[in-house]
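Have a look at the structure below before the remarks.
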Amino acid sequence: MMEKRQHSRAVVQADITVMMKSSNTETGTEATVFSSHTYDISLGGLMLVVDAPVPVDIPLELKLRFDQGQDFSFMGTVIWNKKLRRDDL
């Protein structure tokens, strides 16, 4: 299978806080916040390990924390999701 990625990925496990916004016509905008960690990362994206799937095309606010205490905040969009077995990671 041919690789479609433009940038190579590095296996980097870092803590990440994810805020997923959703609209509700009755109450306005609501947000779900959860903690996770990355599996790998590249210039073009990252793979999160989460307990429940996040819908495709959902915009996310992400705060990434590396072991050295460096924080990076950025926006992202879910491109795909897939249920993985523990053996896959």
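Between Ser35 atom OG and Lys63 atom NZ the span is 10.5 Å, to the nearest 0.5 Å. In this structure, the separation between CG on Leu60 and OG1 on Thr17 is 12.0 Å, given to the nearest 0.5 Å. The CG atom of Asn81 sits 11.0 Å away from atom CD1 of Ile79, with the distance rounded to the nearest 0.5 Å. Met19 contributes atom CE, which lies 7.5 Å from atom CE of Met75 (distance to the nearest 0.5 angstrom). For the atom pair Thr38 OG1 and Leu48 CG, the distance stands at 7.5 Å (nearest 0.5 Å). Atom CG of residue Leu46 and atom OH of residue Tyr39 lie 13.5 Å apart, to the nearest 0.5 angstrom.
No donor-acceptor pair under 3.5 Å is formed between the side chain of Ser36 and the backbone N or O of Ile16.
Between Gln70 and Arg65 there is no side-chain heavy-atom pair separated by less than 4.5 Å. Side-chain contact between Ile41 and Leu64 is present, with at least one heavy-atom pair separated by less than 4.5 Å.
Hydrophobic clustering (ILVMFWY, side-chain heavy atoms < 4.5 Å, transitive): Phe74 and Met20 are in one cluster. Residues Val78 and Phe34 share a single hydrophobic cluster, defined by chaining ILVMFWY side chains whose heavy atoms lie under 4.5 Å apart. One hydrophobic cluster holds both Val50 and Leu62 under the rule that ILVMFWY side chains link at heavy-atom gaps under 4.5 Å.
Closest approach of Val56 to Trp80, counting heavy atoms only: CG2-CA, 4.0 Å. Across every non-hydrogen atom of Ser42 and Ser8, the tightest pair is CB-O, 3.2 Å. Nearest heavy atom pair, residue Met47 against residue Arg9, reads N-NH1, 3.4 Å.
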